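Just so we're clear, the structure is a prediction, and the values are computed from it rather than from any experiment. No hydrogens, no waters, no symmetry mates; every other heavy atom, side chains included, goes into these values.
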Amino acid sequence: MSGILLFSTTTITLALVFYSLGVWAERLSSYLKSWHVVTFWIGFTFDVTGTLAMHFISENPFDLKDTHTLTGQLALWLMLAHAIWATRVVRKNHEQLRQKFHRYSLIVWLIWLVPYIGGMIMGMH
């Protein structure tokens, strides 16, 4: 396995670990905490890093008509919106949203899994 491929798969997997940790810890506590927001940002950063690394080794040009590219971009933009919104909710200390935010987090996480699992399957072939 080439160095950049190993780097990209490692960072994408770290994205899964950190993002999942934040989403599921928030879900189990039913309350959005500051450290959850930190894990969202770390997961997003690892995902962007891994995605860029994958782009550099890909033989195909960037094409939103490609299902994996489209779902990956959708997931990245949703993760970004999720992290920004979570940051604002915690900063403003909006209690009602902090208690219900986990519903939105779980939806974004499930959507994020589509390109993650798709990429994993593509990598096996």
Min side-chain heavy-atom separation K65-L70 under 4.5 Å: no
Between OG on residue S105 and OH on residue Y19, distance to nearest 0.5 Å: 6.5 Å
Cluster companions of F18 among Ile, Leu, Val, Met, Phe, Trp, Tyr (side-chain spacing under 4.5 Å): L14, V38, I42, F46
I107 CD1 to H102 NE2 distance, which is reported to the nearest 0.5 Å: 10.5 Å
Residue list, side chain to side chain contact (heavy atoms under 4.5 Å, CB included) with S29, at least two apart or on another chain: Y31, K33, H36
Nearest-0.5 Å distance, CD of residue E95 to NZ of residue K100: 12.5 Å
L32 and Y104: CA distance, side-chain angles, deciding distance, side chain to side chain contact (heavy atoms under 4.5 Å, CB included) verdict: CA-CA 11 Å; L32 179 62; Y104 176 64; over 6 Å; no
Non-neighbouring partners of Y116 that pass side chain to side chain contact (heavy atoms under 4.5 Å, CB included), sequence neighbours left out: I12, T13, L16, W112, M120
Residues in side chain to side chain contact (heavy atoms under 4.5 Å, CB included) contact with L80, at least two apart in sequence or another chain: W41, F44, W77, I84
Pairwise distance CH2(W35) to CZ(F40) - rounded to 0.5 angstrom: 9.0 Å
Contact summary for N93 and R98, nearest pair of heavy atoms: OD1-NH1, 2.6 Å
Interatomic distance, E26 atom CD to R103 atom CZ [nearest 0.5 angstrom]: 11.0 Å
Distance in Å, L106 CG paired with H82 NE2, rounded so as to fall on 0.5 Å steps: 9.5 Å
T69: side-chain hydrogen bond (donor to acceptor under 3.5 Å, both in side chains) partners, not counting sequence neighbours: D66
ILVMFWY cluster, V114 and L74 together (side-chain gap under 4.5 Å): no
Partner residues of S20 under the side-chain hydrogen bond (donor to acceptor under 3.5 Å, both in side chains) criterion, sequence neighbours left out: W109
Common cluster, V17/V48, ILVMFWY with side-chain heavy-atom separation under 4.5 Å: no
Test side chain to side chain contact (heavy atoms under 4.5 Å, CB included) applied to I57 - qualifying residues, sequence neighbours left out: I4, L5, S8, M54
Hydrophobic cluster of L28, others only, ordered by chain and residue number, side-chain cut-off 4.5 Å: none
ILVMFWY cluster, W24 and F101 together (side-chain gap under 4.5 Å): yes
With sequence neighbours excluded, residues passing ring pair (Phe, Tyr, Trp, His ring centres under 6.0 Å) with F7: none
